[in-house]
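In what follows, every chain begins at residue 1, and chains take the letters A, B, ... in the order their sequences are listed.
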Number of protein chains: 2
Amino acid sequence: MRGDNRLSRMLHVLIHLGQEEGPATSERLAQMLDTNPVVVRRTMAGLRDKGFVRSDRGHGGGWSLTRDLDQINLLDVYRAIDEPAIFALSMSEDTPRCLVEQAVNAALESELREAKTSLLKRFEGITLAALAKDFERRARQVRRVKLHCP
Amino acid sequence: MRGDNRLSRMLHVLIHLGQEEGPATSERLAQMLDTNPVVVRRTMAGLRDKGFVRSDRGHGGGWSLTRDLDQINLLDVYRAIDEPAIFALSMSEDTPRCLVEQAVNAALESELREAKTSLLKRFEGITLAALAKDFERRARQVRRVKLHCP
DNA sequence: TTCTATGCAACATTAGAAGTTACTAATTGA
DNA sequence: TCAATTAGTAACTTCTAATGTTGCATAGAA
């Protein structure tokens, strides 16, 4: 598996929505993500169900935020996309008979659980507004670099 | 992808080797892991290259430890199997043009790097001897349970 | 009614781990 | 020397979950 991009993609899209006037269509968001409108709808569905965005059909429809970016954190988004697996590492069996295997799995599972808890706690402390602020800092930086190298 | 079992499997095998008299063949180890001798050789190759086990061909050959279990920790094994990806989460692009995407990736990568560092530090503190000790505790427990329910 | 948009089911593609086959090479021992 | 045993390895298939795609239904605006 090369990896699960959904979290990264949804964060990307939500911050763009925060910069928009009206709604953005799946088609436009798909272009931003270099993918397909169906993939966008599929993944955004979770965010809509959790009340972070709304979707409207027909002329002038599309996706829009229903909360400010400072009211959404990374844990919210992770949960909204259905809490995909964090780790690529996994155990060979769920309930092995072998006691050695049981001991190995218990140790690994304990460490991964701890790492996951700690990571999600950090996710909870990062709002999309903070990411948007970093984006703006980068945008100013680009402008400055451009002025220096015309 | 359901996940990468190599770390779990190698820990399992190494602890069994620690309980053995002579070498164990790939065939026997494969039975323990419910897999195939070729998969065993493929994964054990890294451990051999790093000097944790040796392999001998011909009659009476097979795999054996070249260090005590208290001289091998989980980080050693993780590195020996070529440091597979820890996380299933990943970024959509390596070097995106979009500044929003850059900000998102920077934040996620920073958190994942931090989580990985912390996890590997913990791995370093866990020796295979400690896992073997937990295995023995479980074995005693099973015996006790069996005595109570004959 | 027509155009635009999402909703969704069904299917194809993809990437990497795992599994398999078929063979070679080395070592032991009769 | 020869037969049996065991690892080494390349090449291929299978499996799984995310991703991509097609086609059509549904809803809303002009």
Side-chain angles (χ1 to χ4, degrees), chain A residues 1-10 12-13 17 20 22-49 53-64 66 78 81-94, chain B residues 1-10 12-13 17 20 22-49 53-64 66 78 81-94:
Chain A
M1 121 219 16
R2 66 176 166 323
D4 184 332
N5 295 49
R6 283 175 291 180
L7 179 59
S8 160
R9 281 179 160 178
M10 286 304 98
H12 184 180
V13 158
L17 286 181
E20 296 279 323
T25 65
S26 305
E27 179 64 41
R28 263 198 68 208
L29 297 179
Q31 285 170 357
M32 290 174 182
L33 296 179
D34 190 29
T35 181
N36 181 302
V38 179
V39 175
V40 172
R41 291 186 194 114
R42 188 187 288 157
T43 319
M44 296 286 284
L47 292 164
R48 180 190 53 221
D49 296 346
V53 297
R54 57 178 290 181
S55 60
D56 292 289
R57 306 203 227 197
H59 266 293
W63 299 88
S64 34
T66 53
Y78 173 72
I81 59 175
D82 221 42
E83 314 198 12
I86 298 273
F87 299 105
L89 304 181
S90 75
M91 312 308 139
S92 22
E93 285 186 74
D94 295 326
Chain B
M1 120 220 16
R2 68 173 167 323
D4 183 332
N5 297 49
R6 284 175 292 180
L7 180 59
S8 161
R9 283 179 158 180
M10 288 302 99
H12 183 182
V13 158
L17 285 182
E20 297 278 324
T25 65
S26 305
E27 179 64 41
R28 266 199 65 211
L29 297 179
Q31 285 170 357
M32 290 173 182
L33 296 180
D34 190 30
T35 180
N36 179 302
V38 179
V39 175
V40 171
R41 291 185 195 117
R42 187 189 286 158
T43 320
M44 296 286 281
L47 292 164
R48 182 191 51 223
D49 295 346
V53 297
R54 56 179 289 180
S55 59
D56 292 289
R57 306 205 227 198
H59 266 295
W63 299 88
S64 33
T66 53
Y78 172 71
I81 60 176
D82 220 41
E83 314 198 12
I86 299 273
F87 300 105
L89 304 181
S90 75
M91 313 307 139
S92 23
E93 286 187 73
D94 296 325

Just how far is it from atom OG1 of T43(B) to atom CE of M10(B), taken to the nearest 0.5 Å?
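Nearest 0.5 Å value for the OG1-CE distance: 4.5 Å.
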Measure the spacing between CG of L17(A) and NE2 of H12(A) and express it to the nearest 0.5 Å.
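Here the interatomic distance stands at 10.5 Å.
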Taking all non-hydrogen atoms of both residues, which atom of S8(A) and which atom of S90(B) are closest, and how far apart?
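That would be CB-O, 3.8 Å.
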Looking only at non-hydrogen atoms, find the nearest pair between R9(A) and V39(A) and report the distance.
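Where R9(A) meets V39(A) most closely, the heavy atoms are NH1-CG1, 3.7 Å.
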Is there a side-chain contact between [X] and the phosphate of [N], meaning an N or O under 4.0 Å from OP1 or OP2?
| X | N | result |
| --- | --- | --- |
| T35(B) | dA18(C) | no |
| S55(A) | dT6(C) | no |
| N5(B) | dA18(C) | yes |

At 4.0 Å (heavy atoms only), tell me whether R9(B) reaches a base, stays on the sugar-phosphate, or touches nothing.
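If one applies the 4.0 Å heavy-atom cut-off, R9(B) turns out to touch the sugar-phosphate alone, with no base involved.
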Rounded to the nearest angstrom, tell me the gap between atom [atom1] in [X] and atom [atom2] in [N].
| X | N | atom1 | atom2 | answer |
| --- | --- | --- | --- | --- |
| R41(A) | dC24(D) | CZ | P | 16 Å |
| E27(B) | dT21(C) | CD | P | 13 Å |
| R6(A) | dA18(D) | CZ | P | 5 Å |
| H59(A) | dT2(C) | NE2 | P | 13 Å |

Polar pair under 3.5 Å, donor/acceptor by atom type, side chain [X], base [N]:
| X | N | result |
| --- | --- | --- |
| R48(B) | dG8(D) | no |
| R42(B) | dT20(C) | yes |
| R57(B) | dT6(D) | no |

Given DNA chain D, 5'-ward residue of the pair T25(B) and D34(A), judged by closest heavy atom:
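Its nearest nucleotide being more 5', the pick is T25(B).
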